[in-house]
Amino acid sequence: AASTARVIGWALRAGAERGARERGRDAGDVRRECHFPRRRRRYSVAPDKVWGAWTDPQAVRQWWGPGGQDPVSVAELDVRAGGRLRIVFGGPDGKAHECQGIYREVVPNRKLVFTWSWPNSTPERVSLVTILFKQVAGGTELVFVHEQFFDEAARDGHRRGWSESFAKLEVFLQENN
């Protein structure tokens, strides 16, 4: 039984490593396919207003990040396929946190896809964010997916951060409509 378990464990690891290579990851970076469920939010403004909140550096400075008093000190957004994003914001611990990524897909007012990493703490852990902007009666439906986390702890930390950011985004959109 123990040898069977070892063989099964080896087979599962080998399959995960092969899958990692097929997705362009280093075989040593086998992460669980962790993502939090699609998050759908409705906003009573047009898609171009919600798009602008995600793509205009001045707008991002006003709502980005978890917590109420965590100002954004840097918002660099080169919103085009292959362009880079870099955002630095204060954290609840009083330290600045920097996230960065590369835009993979940009369809104005409809879709953003970008990589996501923390260059000062875990630069080797790159995840993926996809945001869809859909015009609906009375405004915009935003569909948000953040996936390919290294582990559940990373996923859960991002879930908390994004939840707080979405609350701030909603206030920003209401105040700037």
Side-chain angles (χ1 to χ4, degrees), residues 19-26 29 31-43 45-66 70-91 96-136 139-151 154-155 157-173 176:
R21 284 190 304 275
E22 289 169 358
R23 288 186 299 278
R25 299 183 190 143
D26 182 272
D29 180 24
R31 53 190 127 176
R32 295 180 188 103
E33 288 300 323
C34 296
H35 64 277
F36 51 87
R38 284 179 190 263
R39 188 170 287 214
R40 294 178 185 274
R41 304 286 295 232
R42 285 191 175 240
Y43 301 103
V45 297
D48 65 309
K49 299 287 187 191
V50 183
W51 173 267
W54 284 91
T55 60
D56 175 9
Q58 295 306 319
V60 167
R61 285 177 179 266
Q62 295 181 51
W63 68 267
W64 189 271
D70 301 330
V72 172
S73 57
V74 176
E76 299 170 352
L77 309 173
D78 182 8
V79 185
R80 61 180 176 84
R84 296 187 175 275
L85 69 98
R86 177 175 172 254
I87 301 172
V88 180
F89 59 97
H97 300 282
E98 179 179 344
C99 58
Q100 68 180 18
I102 297 173
Y103 290 101
R104 289 197 173 164
E105 188 174 351
V106 175
V107 181
N109 301 322
R110 297 190 55 206
K111 185 176 188 180
L112 281 176
V113 180
F114 53 89
T115 60
W116 177 273
S117 69
W118 300 97
N120 297 326
S121 58
T122 52
E124 73 283 0
R125 296 181 179 185
V126 179
S127 54
L128 187 69
V129 174
T130 301
I131 307 168
L132 303 175
F133 305 81
K134 297 180 179 180
Q135 185 163 358
V136 295
T140 303
E141 179 183 56
L142 180 138
V143 178
F144 179 91
V145 178
H146 194 163
E147 57 191 334
Q148 299 177 357
F149 288 109
F150 184 78
D151 58 21
R155 177 201 60 207
H158 284 85
R159 180 183 294 152
R160 283 188 296 276
W162 283 121
S163 293
E164 293 176 20
S165 289
F166 280 122
K168 291 169 64 176
L169 173 60
E170 186 153 2
V171 170
F172 170 79
L173 290 170
N176 292 281

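For reference, positions follow the sequence shown, starting with 1. Just so it is clear, the model here is predicted, and its values are computed rather than measured.
- The closest donor-acceptor contact from the side chain of T130 to the backbone of V145 lies at 3.5 Å or more, if one exists at all.
- A perpendicular orientation is assigned to the rings of F133 and W51, their planes being inclined by more than 60° (bins at 30° and 60°).
- For the pair S165 (side chain) and W64 (backbone), a donor-acceptor distance under 3.5 Å is absent.
- Interatomic distance, CZ of F114 versus CD1 of I131, reported as 4.0 Å (0.5 Å rounding).
- K111 has a carboxylate O that lies under 4.0 Å from a charged side-chain N of E105, or vice versa, which qualifies the two as a salt bridge.
- Closest approach of A53 to W63, counting heavy atoms only: O-NE1, 2.8 Å.
- Two residues are said to be in side-chain contact when any heavy atoms from C-beta on lie closer than 4.5 Å; L128 and R104 meet this criterion.
- Here the CG atom belonging to L85 is positioned 7.0 Å from the OG1 atom belonging to T115, to the nearest 0.5 angstrom.
- For the pair T140/K49, no side-chain contact is recorded, criterion being any heavy-atom separation below 4.5 Å from C-beta on.
- Annotation: R61, atom CZ; neighbour count of heavy atoms from other residues, nucleotides and ligands within 6.0 Å is above 12.
- Proximity of D78 to E76: side-chain heavy atoms (C-beta onward) are nowhere separated by under 4.5 Å.
- You'll find the side chain of N176 reaches within 4.5 Å of the side chain of Q62, heavy atoms only.
- In this structure, the side chains of E98 and R86 come closer than 4.5 Å at one or more pairs of heavy atoms.
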